[in-house]
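Below is one structure, written out as structure tokens; the observations come after it.
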2 protein chains.
Amino acid sequence: MISGKFAITTHILTLLSKFPNDYLSSEYIAGSINLNPVLVRKEISNLKKNHVVESKEGKNGGTRLLKPASEITLLDIFKMTFDTVNLGYAKNQPNPDCPVGKKINENLDLLYADINEKINAQLSTVTLENFSNQF
Amino acid sequence: MISGKFAITTHILTLLSKFPNDYLSSEYIAGSINLNPVLVRKEISNLKKNHVVESKEGKNGGTRLLKPASEITLLDIFKMTFDTVNLGYAKNQPNPDCPVGKKINENLDLLYADINEKINAQLSTVTLENFSNQF
DNA sequence: AAATTTGTAACATATTTTATTACAGTATGA
DNA sequence: TCATACTGTAATAAAATATGTTACAAATTT
């Protein structure tokens, strides 16, 4: 899963933030996202690895937040679900005998690094609580 | 072509900017990018549509810039090759009976719009000439 | 003990990207 | 004027990636 990871994780966390004391099941969450529950559990697995949620197995089990929504930023979610934003690369290795081919990816990297700085700054200003309050 | 469009087009334009008076063939350009010439011609077709380059058919034909590299910004390239940057959406339509599902995409859109503003601002500060001078 | 849920692997399908082939049309220049 | 070297574009194929499904062991509740 790549393209939907941030959106799905943000959706999951928004739901959890609405019921901070309940364990929500992957099936319930999947019903809101309209996604297979197995994929929801995979993203939750990632969130657990990052100590943002905890799960309880068995009957009446599910997942809940480990900390208040005010202490989670969208930048945190971004870091858990995205490598970096980029505007793409050509798939194949460019010609190393061409001055442009030799350095194109390096120079794109510099550009993309600048872009990511701006994005990170933006995302760090929004908490899950802020985001969730829009609903 | 989605993922490589910006990178490939930037690569093409960088090459053209190095030889502003020559018609470069799609085969030559493809050799630097290590990409099929047909795909290069497709991107060039897009550049022509945007009046950034012109092509000449026939023997000794090829493509060259229609204006100086100092008058083309990376934002121009971005607009020709990207819709908008986003951090993804879940693939399926979310549940409209859930308050979160109903508004998640709308709220993600707002967030992504903010991100795009920052990216646009950044890209508008770099000309093709600036970029090309790094090589 | 029965029911419900997570965790995870294995596999299947769908979608998107990239590559290839083919060939008509155009310009050059020997 | 004919061979050559290009562009333009459509059609198709292959590869890569994303998403979906099935299956089932393990955990917990009632």
Side-chain angles (χ1 to χ4, degrees), chain A residues 1-9 11-12 15-16 19 22-50 52-66 81-83 86-94, chain B residues 1-9 11-12 15-16 19 22-50 52-66 81-83 86-94:
Chain A
M1 181 180 295
I2 286 185
S3 95
K5 217 171 156 68
F6 174 83
I8 289 165
T9 298
H11 193 145
I12 292 169
L15 286 171
L16 295 181
F19 306 95
D22 297 338
Y23 288 94
L24 302 188
S25 75
S26 62
E27 181 129 356
Y28 173 84
I29 295 169
S32 172
I33 306 178
N34 190 11
L35 187 72
N36 194 288
V38 173
L39 301 178
V40 171
R41 298 206 283 273
K42 273 192 190 158
E43 292 315 317
I44 284 173
S45 171
N46 185 38
L47 286 166
K48 281 193 300 188
K49 205 174 67 196
N50 286 279
V52 173
V53 305
E54 63 178 352
S55 291
K56 198 170 68 168
E57 297 188 15
K59 191 168 177 181
N60 299 329
T63 301
R64 70 176 182 186
L65 290 179
L66 264 180
T81 57
F82 236 92
D83 186 13
N86 66 64
L87 308 183
Y89 299 91
K91 183 189 158 206
N92 301 322
Q93 199 196 336
Chain B
M1 182 177 298
I2 287 184
S3 95
K5 216 171 158 67
F6 174 84
I8 289 164
T9 298
H11 193 146
I12 292 169
L15 286 170
L16 296 179
F19 306 96
D22 299 338
Y23 287 95
L24 302 189
S25 74
S26 62
E27 181 129 355
Y28 174 83
I29 294 170
S32 172
I33 306 178
N34 189 11
L35 185 72
N36 194 288
V38 173
L39 301 179
V40 171
R41 297 206 284 273
K42 272 192 189 156
E43 292 315 316
I44 284 172
S45 170
N46 185 39
L47 285 166
K48 281 194 302 191
K49 206 174 67 194
N50 286 281
V52 174
V53 304
E54 63 179 353
S55 290
K56 199 171 67 169
E57 296 189 14
K59 189 168 180 179
N60 299 331
T63 300
R64 69 175 182 185
L65 289 180
L66 264 179
T81 57
F82 236 91
D83 185 12
N86 67 62
L87 308 184
Y89 298 90
K91 183 188 159 206
N92 301 322
Q93 199 195 337

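Order of the sequence lines fixes the chain letters, A, B, ..., with proteins taken first and strands second; residue numbering starts at 1 for each chain.
Between the CG atom of A/Asn46 and the P atom of C/dT8 there is a distance of 12 Å, given to the nearest Å. Atom CG in A/Leu39 sits about 12 Å away from atom C1' in C/dT8, given to the nearest Å. Separating the CZ atom of B/Phe82 from the P atom of C/dT17 is a distance of 10 Å, rounded to the nearest angstrom. Between the P atom of C/dT5 and the CD1 atom of A/Ile29 lies a distance of 12 Å, rounded to the nearest Å. Atom CD in B/Glu43 sits about 14 Å away from atom C1' in D/dT9, given to the nearest Å.
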B/Ile29/B/Leu16 under side chain to side chain contact (heavy atoms under 4.5 Å, CB included): CA gap, chis, key distance, verdict: CA-CA 9 Å; B/Ile29 294 170; B/Leu16 296 179; 4.3 Å; yes

Atom pairs and distances, donor-acceptor, side-chain atoms in residues 52-61 of chain A, under 3.5 Å, two or more places apart:
residue : atom : partner : partner atom : Å
A/Glu54 : OE2  : A/Arg64 : NE           : 2.8
A/Glu54 : OE2  : A/Arg64 : NH2          : 3.1
A/Ser55 : OG   : A/Thr63 : OG1          : 2.9

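Using a 4.0 Å cut-off, no side-chain N or O of A/Asn36 falls inside it from OP1 or OP2 of D/dT19.
Contact annotation for B/Ser26: backbone-only contact, meaning every heavy-atom pair under 4.0 Å involves sugar-phosphate atoms and none involves a base.
Side-chain atoms of A/Asn46 do not come within 3.5 Å of backbone N or O of A/Lys42 as any donor-acceptor pair.
Closest-nucleotide positions on DNA chain D for B/Ile44 and B/Asn92 were compared, and the one nearer the 5' end corresponds to B/Ile44.
Under the ring pair (Phe, Tyr, Trp, His ring centres under 6.0 Å) criterion, B/Tyr28 pairs with no residue, sequence neighbours left out.
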Base-contact (B) and sugar-phosphate-only (S) positions in nucleotides 22-30 of chain C, heavy-atom cut-off under 4.0 Å, - elsewhere: ---BBBBS-

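Side-chain proximity of A/Leu35 to the nucleotides D/dT9, D/dG20, C/dA19 is greatest for D/dG20.
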